[in-house]
Amino acid sequence: MTGPPPDNAEIARQLDAFASLLELAGAGPYTARAYRRASDLIRSTPAPVAELVREGRARELRGIGPGIERRLRELVETGEIEELKELQREISPELAGLGRFLGVSVKRMLEIGRVLGVRSLEELREAAHEGRLREVPGVGPETERKLLATLAREPRAAAPRPLLLHRSRPLVEVIAEALGGIAAGDPRRWVDASHRLAVVVAAEQPEPVLEEFEALPQIVAVVEREPRRALGVTVEGVPIELVAAEPRRLGTELVRATGSPEYVGALGPLPEAPDEEGVYRALGIPFVPPELRESGFRGEPSRLLELADVRGDLHTHTTWSDGKASVYEMGLAARERGYDYLAICDHTVSVGAVPGLDADGVRRQGEEIADANERLAPFRLLRGTECDIRRDGSLDLPEDVLAELDWVQASVHGGQRGSREELTKRVLTALESSYVSCLSHPTGRLINHRPPNAVDLEAVFTRLAEQGRAVEVNGLPNRLDLRDEHVRLAREAGVAIVVNTDAHSTRGLGNMELAVATARRGGATAEDVVNTRPLDEVLARRFGRP
């Protein structure tokens, strides 16, 4: 190929597109998922992946198998993936995206396109108004009525299914970067599952920006267009709002596009200003960071926790349980991030679904941690555990083993559907142990998959505060547990916060950004957080107050 090799963002974008079209073509879910994982991996890899591919080293990246390596080589050498081009010719990404956006199955929408020869929203509307929908096998009067009603509605700027933060934020950021704008909407507030995604661009002349937006590879259709606004849709059916603001109103439109509707409505009429600080000055109120622009926030914010305040991660996994990296590899990656310490907290046996360590395993792992510390000094790996809380509230390791450790995360895994009384008693019983340092992901939620459990957080926070123990903000994108509102409750109860990644790979250490942002949404400052402190202070409070 001529020209520079594709950068990591472009490689990730093409793999994402390939995964989406594989799904539309009926490929097995595992194949599409593998390409999505590879896309996420490459997007967050600091090294230029194109160089690794050219050197034959792509499979050094975990999760890159021979099939994906072949696609990467083709992409780096030719600038494209031929099968992706073929799929784009055979399958209309525009119709697929529109189907998902409108709530019509992709299979049904593609069949409509094939039978009626339509490939755009306008062509679909025209065919529907001409009464041609019934020409499509399986479309009867009731289905036709629903489709006509859907097409008649004003397009909604909210995603039909909330997008997790680790996907929503990169999506709006890459579009903002391409247009020279600023990412806004829910991702700018670091909302755990985003409904509204937006980008704001300063533009004297909006037309070129709107045309550039429509031509972006991420946007397969534009469903609404105004002189200074457009609503585009991705192949996954996710709507992205573009605001092309007059430069003198950039701050005004950015405040409007960032805050929750309730927050923006409470501000009243927004004054005209070229930046957000000017908007807040004109309103006569203190500047509020994006994370706090929710309906419940009032007053002047304290200095919130920053990523740079974090000195270590106190919940990570290795190949001793279900992690993907060794003890030394995790420590080295943490040291390269500028941390002073990292706690190795592999699972115990009762978790069941993944490998776990018994007492003997924890002690043998301690020897490996000691060896790694000799190589990593003065950086320090801590001997820890994610100790399962059994259904009767007992801990999954003997007290004498727990007493040897530097840090103990206690976690509920199975039985998340238990009653409020059962789950609360289970957690409070576990906290009777003298050796618990921190309670992990207390509500057990998995965003979009499993609701929070019924545990009485107020009772748990009261006990943790009495004992001087901490509670975790877990940075896994599908957990973010505690969530923002519960961080506020914990702080009000006087409970110390720990921001952790629950990393199962060196790449997973990057989820600290999500944990920090979630803690910020709960108003956390550096003083509220245990792992902003030097190692000696962390170790001094590892088992709460004496």
Side-chain angles (χ1 to χ4, degrees), residues 303 305-316 327 330-331 334-335 337-346 362-363 365-366 369-370 372-374 376-387 389 395 397-411 427-428 430-440 442 460-475 482 487 490-503 509 512 515-516 519 524-546:
R303 179 192 174 276
L305 173 71
E306 300 280 352
L307 186 62
D309 294 327
V310 178
R311 297 192 180 203
D313 193 333
L314 294 173
H315 184 174
T316 66
V327 166
M330 291 297 288
R335 189 178 71 174
R337 286 181 175 271
Y339 289 164
D340 299 328
Y341 49 85
L342 182 86
I344 302 298
C345 296
D346 280 305
V362 169
R363 285 176 168 144
Q365 185 187 61
I369 291 173
N373 273 329
E374 290 184 9
L376 293 168
F379 176 88
R380 172 82 176 272
L381 283 167
L382 306 184
R383 287 185 64 201
T385 179
E386 183 179 9
C387 190
I389 300 174
L395 293 172
L397 288 172
E399 293 274 288
D400 62 324
V401 175
L402 296 175
E404 298 172 8
L405 301 180
D406 300 311
W407 193 258
V408 174
Q409 295 277 144
S411 303
V427 171
L428 294 180
L431 293 178
E432 292 174 6
S433 166
S434 303
Y435 301 111
V436 173
S437 311
C438 179
L439 181 63
S440 300
V460 170
F461 291 160
T462 297
R463 182 68 57 83
L464 289 170
E466 291 170 352
Q467 298 169 324
R469 313 270 180 89
V471 67
E472 174 184 75
V473 175
N474 186 293
L482 296 175
V487 171
R491 291 176 56 245
E492 289 167 3
V495 182
I497 305 295
V498 178
V499 285
N500 284 333
T501 64
D502 198 352
L509 295 172
M512 184 59 77
V516 167
T525 68
E527 290 70 31
D528 295 320
V529 176
V530 172
N531 46 327
T532 62
R533 300 170 191 172
L535 178 60
D536 58 348
E537 292 187 28
V538 172
L539 293 177
R541 60 163 301 140
R542 59 187 172 178
F543 301 142
R545 284 191 289 270

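None of these values were measured; they are calculated from a predicted model.
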Checklist line | Any donor-acceptor N/O pair, Thr385 side chain to Val408 backbone, under 3.5 Å | finding: no

Side chains of Leu509 and Met330: closer than 4.5 Å at any heavy-atom pair?
-> yes

So, the side chain of Arg469 versus the backbone of Leu439: is there a donor-acceptor pair under 3.5 Å, distance only? no

Those residues at least two apart in sequence (or on a different chain) that pass salt bridge (charged side-chain N to carboxylate O under 4.0 Å, His left out) with Arg542 are Asp406

So CD1 of Ile344 and CD1 of Ile369: to nearest 0.5 Å the spacing works out to 5.5 Å

Nearest heavy-atom contact between Trp407 and Cys438 is CZ2-CB, 3.8 Å

Distance col, row Leu482:CG vs Glu472:CD, nearest 0.5 angstrom, shows 8.0 Å

Legend entry - Criterion side chain to side chain contact (heavy atoms under 4.5 Å, CB included) on Arg383 and Arg363, from CA distance to verdict: CA-CA 9 Å; Arg383 287 185 64 201; Arg363 285 176 168 144; 4.3 Å; yes

Heavy-atom nearest pair, Cys387 first then Leu402, reads SG-CD2, 4.3 Å

Of all heavy-atom pairs linking Asn531 and Ile497, the shortest is OD1-O, 4.4 Å

In terms of heavy-atom contacts, Leu464 and Ala470 come closest through CD2-O, 3.9 Å

Requested in this report: Any chance you could lay out the side-chain hydrogen bond (donor to acceptor under 3.5 Å, both in side chains) test for Gln409 and Asp502, step after step, and finish with the verdict?
Outcome: CA-CA 10 Å; Gln409 295 277 144; Asp502 198 352; over 6 Å; no

When rounded to the nearest 0.5 Å, the distance separating OG of Ser411 from CG of Leu395 is 10.0 Å

Scanning both residues in full, the closest heavy-atom pair of Gly468 with Arg541 reads O-NH2, 2.6 Å

Across all chains, not counting sequence neighbours, the side chain to side chain contact (heavy atoms under 4.5 Å, CB included) partners of Glu537 are Arg533, Pro534

Open item on the list: For Arg380 and Asp536: C-alpha separation, side-chain torsions, deciding distance, then whether salt bridge (Lys or Arg N to Asp or Glu O under 4.0 Å) applies.
Closed with: CA-CA 11 Å; Arg380 172 82 176 272; Asp536 58 348; over 6 Å; no

One should read off an interatomic distance between Glu432 CD and Gln467 CD, to the nearest 0.5 angstrom, of 8.5 Å

Sorted by chain and number, sequence neighbours left out, side chain to side chain donor-acceptor pair (under 3.5 Å) with Arg491 holds for Asp528

Between the CG atom in Leu381 and the OH atom in Tyr339, the distance rounded to the nearest 0.5 Å is 13.5 Å

### Message
Is the shortest side-chain heavy-atom distance between Val471 and Pro442 below 4.5 Å?
### Response
yes

Quiz prompt | Side-chain heavy atoms of Asp313 within contact of Asn500, under 4.5 Å | solution = yes

**Asp309 vs Val529, side chain to side chain contact (heavy atoms under 4.5 Å, CB included): CA-CA, chis, key distance, verdict** = CA-CA 9 Å; Asp309 294 327; Val529 176; over 6 Å; no

Between Thr532 and Tyr341 the two heavy atoms that sit nearest each other are N-OH, 4.4 Å

Taken to the nearest 0.5 Å, the spacing of Glu386 CD from Leu397 CG works out to 11.5 Å

query = Would you say Asp340 and Leu535 make side-chain contact, with heavy atoms under 4.5 Å?
reply = no

